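One structure below.
Remember, predicted model here, so these are calculated numbers, not experimental data.
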Amino acid sequence: AHSLCVKSAPQRMSKGLFVIKPYKAAQAPEKDYEKKIWAILERAVNQIYDKNSSELSYEELYRHEYNLVLQKHGMFLYRELQNCITSHLAAVAEKVFASRDSLLMTLNGQWVEHQTNMRMIRDIFLYMDRTFVGQHHLPSVYNMGMIAFRDAVIHQAKVKERLVAMVLDEIDLERRGEVIERSVLRNITKMWVDLGIDGKGVYEATFEEPFLAKSTEFYQRESQQYIGQCSCPEYLRRAESRLTEELARVDHYLDYITTNKIRKVVETAMLETHLKLLIEMDTGLVAMLRDEKLEDLARMYRLLGPIPGGLALVKQVLCEYIFQTGTDLVVKDEEKSKQSGPFVEALLEFKAKADRLLEGGFSKAGKADHEFVTAVNETFTRFINQNAKAPEFVASYLDEKLKTGTKGITELEMEALFDHVLVLFRFLNDKDIFENFYKQQLAKRLLLKRTSSDELERIMIGKLKQECGYSFTSKLDGMFTDMKVSDDQMDEFKQYLEGAETPVRVDLHVSILTQGYWPNQIMAKCNMPPEIDTAIQTFQSWYLGKHSGRRLTWQPNLGTADLKARFRGKLYELNVSTYQMVILMLFNDRDTLTFREILQMTDMPDKDLRRGLGSLALQKVKVLLKEPDNKEIGDADVFRFNAEFSNPHRRVKISTFITHKDKVDPVETRTKVDEDRKHLIEATVVRIMKARQHMDHQNLVSEVIKSLYSRFQPAPKAIMQRIESLIERDYLERD
């Protein structure tokens, strides 16, 4: 029985009147209506699978599907469609399996057809897809077809095993150098991805897992073969080639999620497993470093970067190589470890090689790896400071270069050389020792006019100031200031002499040195010739009259002189030291003098006199003749003026006799440095305690070491001794 209600609607009559008519009752649907309509829709689906869809009326089919859904037959329609598709796919599975060797091609064709068919079917069942499916949380029509293909075809046992095996065989063939049909494999792998619907589980479970397992077996087997046949560079080239191939394979026909996984497989099998062996083999890292195989080193750096502990081991071996090679240079090499020139040249060359290795072999983004640079610099510091003379040698090397100047090279090249030497300077622990040697050598260059260029001297001091600060170079700057002030003073003195009543026959130039700036010199006595003594007294009288309260101390051992001498009627100009001048001027009055007579007349230090006489009588330029004619200066030796002396040059420079005395005394310098260090440690302790007021012993020692690190590395024991000394003198007290 049906309960009916009558609804009416107004209708306008021709004469303006409205008449209400009842609606007709809805007719009941005919029996088995949904089955009849499904039969129509099923025929359409079959025609689509039979590739005979050209005569279909999609509008009419859509209307049928629409009516079924409206009449609450949506679930019936969905299940029937699902069963229909599954039945067709069962036949597809049989066809694919029967294709045997052409399975990949057949499956690829069937997959493409199935996708096309499902798009056409989706268009017919569009209303159900948009309304009913969503309301009941069912897979869309298209996805339902994908799931059906997955279950009925791809996961069909006999198809699944053969499919995966054939794909893996194709990949194996490509790895062995054969050409395969990549487009088919790309479609197959994309099919696995698409069949995952909302994820990539199908691709991962069906293909990726067996692919990675087989790849692991392949590369383990290949790595064992290569490691026994190839050198390290060749092995790395092959490993990199394989890695590049696998990444390209992912780009061409695998899914991107496999990228990191296959990379890990190759890296583990070919690199991580043989890491230590590759680095330590005869053709490994040390050989590459020794022979500067930058391309091979860069390849090793790239390949071992992702390997756990890979770069750490490379860095360790690199530092060991640097340390051992450097130690051989600065300690074990007889020539290089005992002479400043060979020592510094060898270090500069080795540092340049290390820089080439870092920039060419261990760089990323165009710059050397910071961790490697730091490790190499620390290693240079360790091995250079094994040679206690390193600060002295670096200072002496700069001394020689500043004496010779830009002979054979440009000023820019000289400045670049300074920069390279400063790199070595940074590695020195005892920079205060370098400072003392450099200061004494600079003093000699300035006073003896041996510097090649004041500009180069100032450039070098500027670089040291930039490196260590003003306090490090303040005395060096003071030396230059003294020399400039001395020149100005001498200009004034010459003007004074022009109006003086007593003429001075000597062209005297005096360098006035501030005692605090210049290295302490031993007071040396020497009786000057009357002409020189008169000039000295005149200058001293003028200077002290102008600067009251000052005191002048003369240092004849640091002076030079130009003498005019006549030999066989020919006039020469001799450039000599002050001591040599004093000796030669004695022969104006006498042709022959004994050693004892000269010593008594000059009151010169014995060692300086022997050195002066040796340079005049024992060298190639012999201004004096000695009896007996041997290579030693004896107390009973007799010297006479060499009237037969001749030289092709009018101006002759007579070098000081070569002895160790002419050089800066290392023992004396180090003794002075040790004394200076005591004062510096005490000053640092007092400065820290003034700022902190209270401090425990351990922290105080640590703070002192940190403060002085840029100049030298004080031993904790030395700091403790200075603290005790300060306590004894009541500068500090214990709680």
Side-chain angles (χ1 to χ4, degrees), residues 440-441 443-444 447-448 450 506 519-537 553-568 572-647 652-672:
Q440 294 185 62
Q441 291 160 346
K444 287 198 171 187
L447 295 175
L448 301 178
R450 291 179 181 174
V506 177
N520 294 331
Q521 297 291 336
I522 299 173
M523 295 296 295
K525 295 186 297 180
C526 181
N527 295 331
M528 291 291 177
E531 301 92 330
I532 306 298
D533 191 57
T534 299
I536 288 175
Q537 295 303 323
T553 303
W554 296 90
Q555 298 282 353
N557 56 315
L558 297 177
T560 61
D562 289 331
L563 288 178
K564 290 182 179 179
R566 191 176 297 277
F567 298 90
R568 300 173 60 186
Y572 292 91
E573 187 173 309
L574 305 180
N575 178 251
V576 294
S577 70
T578 301
Y579 282 153
Q580 290 170 334
M581 173 203 69
V582 171
I583 294 169
L584 287 174
M585 290 189 71
L586 296 177
F587 289 88
N588 280 332
D589 301 323
R590 296 174 59 177
D591 291 334
T592 302
L593 288 167
T594 65
F595 175 83
R596 291 190 182 90
E597 289 174 334
I598 297 174
L599 181 62
Q600 184 180 2
M601 295 170 70
T602 61
D603 199 20
M604 198 181 296
D606 185 276
K607 289 183 178 179
D608 289 325
L609 178 58
R610 292 180 189 276
R611 187 158 58 100
L613 287 170
S615 62
L616 295 170
L618 300 181
Q619 297 193 112
K620 186 176 180 180
V621 179
K622 294 183 178 181
V623 181
L624 300 179
L625 298 177
K626 184 180 85 72
E627 296 177 3
D629 188 9
N630 54 29
K631 298 298 182 182
E632 299 294 332
I633 304 295
D635 292 350
D637 288 355
V638 178
F639 298 87
R640 62 184 177 84
F641 181 69
N642 182 10
E644 302 299 319
F645 170 82
S646 66
N647 195 284
V652 180
K653 178 176 176 59
I654 301 178
S655 301
T656 304
F657 195 58
I658 301 174
T659 68
H660 292 293
K661 180 77 171 66
D662 193 39
K663 299 180 180 179
V664 176
D665 185 358
V667 176
E668 181 184 333
T669 301
R670 289 179 183 275
T671 301
K672 183 180 183 304

Quick one, [X] and [Y] - any side-chain contact, counting heavy atoms below 4.5 Å?
{"X": "N527", "Y": "V582", "value": "no"}
{"X": "D635", "Y": "R610", "value": "yes"}
{"X": "W554", "Y": "C526", "value": "no"}
{"X": "Y579", "Y": "P556", "value": "yes"}
{"X": "M528", "Y": "T578", "value": "yes"}
{"X": "F595", "Y": "L609", "value": "yes"}
{"X": "L586", "Y": "E597", "value": "no"}
{"X": "N642", "Y": "V623", "value": "no"}

**OP:** Take L624 and F587, measure what side-chain contact (heavy atoms from CB on, under 4.5 Å) needs, and give me the verdict at the end.
**Re:** CA-CA 10 Å; L624 300 179; F587 289 88; 3.8 Å; yes

Original post:
Do I583 and M604 pass the side-chain contact (heavy atoms from CB on, under 4.5 Å) test, and can you show the C-alpha distance, the side-chain angles, and the key distance before you say yes or no?
Top reply: CA-CA 10 Å; I583 294 169; M604 198 181 296; 4.1 Å; yes

**OP:** Identify the two heavy atoms, one from R640 and one from T592, that lie closest to each other, and give their separation to 0.1 Å.
**Re:** CB-OG1, 3.6 Å

**OP:** Evaluate whether atom CD of E531 has more than 12 neighbouring non-hydrogen atoms of other residues, nucleotides or ligands under 6.0 angstrom away.
**Re:**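 For E531, atom CD is crowded (more than 12 foreign heavy atoms under 6.0 Å).
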
**OP:** For the pair F567 and F641, name the ring-plane relationship: parallel under 30°, tilted 30 to 60°, perpendicular over 60°.
**Re:** parallel

Subject >> K653 and D562 ion-paired at < 4.0 Å >> reply: no

**OP:** Could you tell me whether the side chain of K626 and the main chain of L616 form a donor-acceptor pair under 3.5 Å?
**Re:** no

Original post:
What do the steps show when you test E644 against L625 for side-chain contact (heavy atoms from CB on, under 4.5 Å), and what is the final call?
Top reply: CA-CA 10 Å; E644 302 299 319; L625 298 177; over 6 Å; no

Original post:
How about S655 and Q619: does a side-chain donor come under 3.5 Å of a side-chain acceptor?
Top reply: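 Checked: S655/Q619 side chains show no N/O donor-acceptor pair below 3.5 Å.
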
Subject >> Interatomic spacing from CG in D637 to CG in L593 - rounded to 0.5 Å >> reply: 13.0 Å

